[in-house]
2 protein chains.
Amino acid sequence: MADSCIAARLSHFLALTEEEASALARLEENPRDYRRGEMIGEQGAPADELFIIRSGWAYSHISFDGERRQILRLEFPGDLMGTSSIAFGKASDNLTAVTDCTLCPLDRPALRQLFIDHCRLAALLFVISQAERVSMDDRLASIGRSSAKSRIAALLLDILVRFRIMHGEDLDRVEIPMTQEEIGDATGLTPVHVNRMLQELSRDELISRKKNEVHILDEVGLVELAEYINRYADVDTSWLPPPEA
Amino acid sequence: MADSCIAARLSHFLALTEEEASALARLEENPRDYRRGEMIGEQGAPADELFIIRSGWAYSHISFDGERRQILRLEFPGDLMGTSSIAFGKASDNLTAVTDCTLCPLDRPALRQLFIDHCRLAALLFVISQAERVSMDDRLASIGRSSAKSRIAALLLDILVRFRIMHGEDLDRVEIPMTQEEIGDATGLTPVHVNRMLQELSRDELISRKKNEVHILDEVGLVELAEYINRYADVDTSWLPPPEA
DNA sequence: CGGCTACTTGACCGGTATCAATGTTAGTGG
DNA sequence: CCACTAACATTGATACCGGTCAAGTAGCCG
């Protein structure tokens with residue numbers, strides 16, 4: 001099987017059949033490249049594509065009066081982006097490339113076919129989307145009810161934990177290619193204050209930084225500070241329909 | 001057919017086949033009553049039920065150290081609560097009755113069977129969960145990036161717009177049976193500040209209040225202040241798999 | 001009537017935003 | 001290789017929004 005990002009991602013939750021893996025691989029036939037900072041999709045534009053990230057980072061965000069904006073989700077290799085446009089004809093958010101990245105567009109008919117042919121994968125996508133929703137719940141709680149320092153800690157942990165899905169459990173450092181302004185847009189803070197909080201986290205010896213790389217020194221301390229709950233650890237796939245053989 | 005809450009809800013989005021409707025009807029169990037303030041489900045508890053609200057208000061919330069908490073979603077009649085427990089064995093949030101209310105519990109194992117037998121319904125649930133996610137996106141943006149007054153305005157508008165679905169488009173006043181502390185838990189504010197902002201909205205003649213009833217005086221002004229986007233436009237289900245019959 | 005609970009009001013404080021200046025790094029063209 | 005530039009990161013000074021604390025008021029229900 002040619003390397004399919006989405007298959008690699010899903011197989012962390014479930015042992016895929018040969019059939020399923022190749023159906024997924026077929027979704028990724030026409031990769032498209034975007035440059036750092038390039039806008040992939042725009043709020044309000046008619047959208048009948050989803051994207052699977054093959055490489056690079058992207059994020060979805062809502063912007064207000066042109067200045068303020070809120071980053072909603074960071075999207076990593078293997079993630080399925082733009083799923084909100086499944087429910088609406090129009091995109092509800094902007095998609096922007098954080099780094100140069102390669103995406104595999106996938107149109108709604110293809111997804112539909114997947115739902116028909118591979119119910120088990122459909123159910124798995126549903127489960128994953130619930131997990132994402134729960135993690136949005138946690139972000140809402142974090143932004144609504146905790147301090148700037150805790151929010152930054154929560155963001156860092158979320159990135160770390162999600163990277164571990166692809167890179168192994170002993171990962172303790174991540175290259176974060178976002179500007180501090182972007183981190184602020186994700187956490188609801190100003191860039192200046194992001195900077196100060198990162199410094200405080202370093203001073204508290206919870207993390208250390210070199211260039212864009214963040215090294216997690218005291219994960220337990222960070223988890224406590226952020227009141228972080230790792231939701232991906234609890235995903236339950238035992239109830240899914242059986243493989244179709 | 002005895003009135004099935006969930007079939008009624010889903011048929012707002014899609015014409016159900018006879019087969020599908022009766023499969024849904026089989027999921028239903030006896031309605032259950034809860035009193036104002038009663039906890040319906042608890043964070044971390046094993047959860048194998050979903051609920052459809054037949055009457056009353058409820059909300060889901062996460063609580064932290066016992067004091068602080070964040071209300072995630074307000075749930076009104078017709079809403080499906082507890083879907084995150086489909087993906088996890090355990091509830092990720094608390095469910096509490098705002099008013100006395102009547103709920104229809106749905107059996108989770110039976111819902112699993114539904115995924116196997118009726119992929120189209122599974123896809124529909126997927127779509128609905130995406131729509132909910134988009135509305136969470138808006139709340140995240142509101143809480144992350146706007147002022148206290150705007151957040152209150154956004155909450156009021158959201159309640160109003162969702163009530164209109166059931167009570168008609170010319171509705172301009174809503175009875176809100178929440179305490180100001182609960183409004184604070186929904187918007188990430190303290191009860192004291194909620195009070196001040198409500199008074200400011202009144203002083204600005206955007207709303208007026210009598211007891212718990214809020215009268216929307218200047219909807220355009222509120223929408224502008226909150227930068228509110230009404231997402232409850234038609235959900236697009238045109239791409240779903242065809243009925244199986 | 002008393003004792004809740006929720007709402008209201010005022011005084012004050014602190015965390016975060018804002019504004020502004022400086023330092024640092026990467027890229028670009030000569 | 002260096003000068004120039006443009007982002008981005010860092011630092012400091014100050015302002016303000018919303019939090020905290022505390023006291024008082026108004027309903028409501030026994």
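In what follows, chains carry the letters A, B, and so on, assigned in the order in which the sequence lines appear, proteins first and then strands, with residues in each chain numbered from 1.
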Would [X] and [Y] pass as an ion pair if we require N to O under 4.0 Å?
X	Y	value
B/Arg162	B/Asp79	yes
A/Glu75	A/Arg73	yes
B/Asp185	A/Arg145	yes
B/Lys90	B/Glu42	no

message: Over all strands shown, is B/Gly37 touching base, sugar-phosphate only, or nothing at heavy-atom distances under 4.0 angstrom?
response: nothing
message: Over 60° means perpendicular and under 30° means parallel, so tell me whether A/Trp57 and A/Phe163 are parallel, tilted or perpendicular.
response: tilted
Parallel, tilted or perpendicular: ring planes of B/His61 versus B/Tyr59, cut at 30 and 60 degrees: perpendicular
message: Using a 4.0 Å cut-off to any heavy atom of chain A, which nucleotides of DNA chain C are the first and last in contact, reading 5' to 3'?
response: C/dT16 to C/dA26
task: Output the residues of residues 136-154 of chain B in contact with DNA chain D, where contact means a heavy atom of the residue under 4.0 Å from an atom of the strand; sort by number or write none.
output: B/Ser147, B/Ala148
message: Can you build the contact string for nucleotides 5-12 of chain D? Use B for base contact, S for sugar-phosphate-only contact, and - for no protein heavy atom under 4.0 Å.
response: ---SSSBB
Sequence neighbours excluded and cut-off under 3.5 Å, please list the side-chain donor-acceptor pairs for residues 220-228 of chain B, or say none.
{"from": "B/Glu227", "atom 1": "OE1", "to": "A/Arg68", "atom 2": "NH2", "distance (Å)": "2.7"}
{"from": "B/Glu227", "atom 1": "OE2", "to": "A/Arg68", "atom 2": "NH2", "distance (Å)": "3.2"}
{"from": "B/Tyr228", "atom 1": "OH", "to": "B/Asp158", "atom 2": "OD1", "distance (Å)": "3.3"}

Could you list all N or O pairs between the protein and nucleotides 25-30 of chain D that sit under 3.5 Å apart?
{"from": "D/dC28", "atom 1": "OP1", "to": "B/Lys211", "atom 2": "NZ", "distance (Å)": "2.5"}

query: If you draw a 6.0 Å radius around CD in A/Gln43, do more than 12 non-hydrogen atoms from other residues or ligands fall strictly inside?
result: yes
- prompt: Does a donor on one side chain sit under 3.5 Å from an acceptor on the other, for A/Arg133 and B/Thr83?
  reply: yes
task: Check the side chains of B/Asp172 and B/His215 for a donor-acceptor pair under 3.5 angstrom, ignoring hydrogens and angles.
output: yes
field: Non-hydrogen side-chain atoms of A/Pro77 and A/Arg54 separated by less than 4.5 Å
entry: no
Listing, residues 187-196 of chain B side-chain donor-acceptor contacts under 3.5 Å, not counting sequence neighbours, or none:
{"from": "B/Thr187", "atom 1": "OG1", "to": "B/Ile183", "atom 2": "O", "distance (Å)": "2.8"}
{"from": "B/Thr190", "atom 1": "OG1", "to": "B/His193", "atom 2": "N", "distance (Å)": "3.4"}
{"from": "B/Asn195", "atom 1": "OD1", "to": "B/Gln199", "atom 2": "NE2", "distance (Å)": "2.3"}
{"from": "B/Asn195", "atom 1": "ND2", "to": "B/Gln180", "atom 2": "OE1", "distance (Å)": "3.0"}

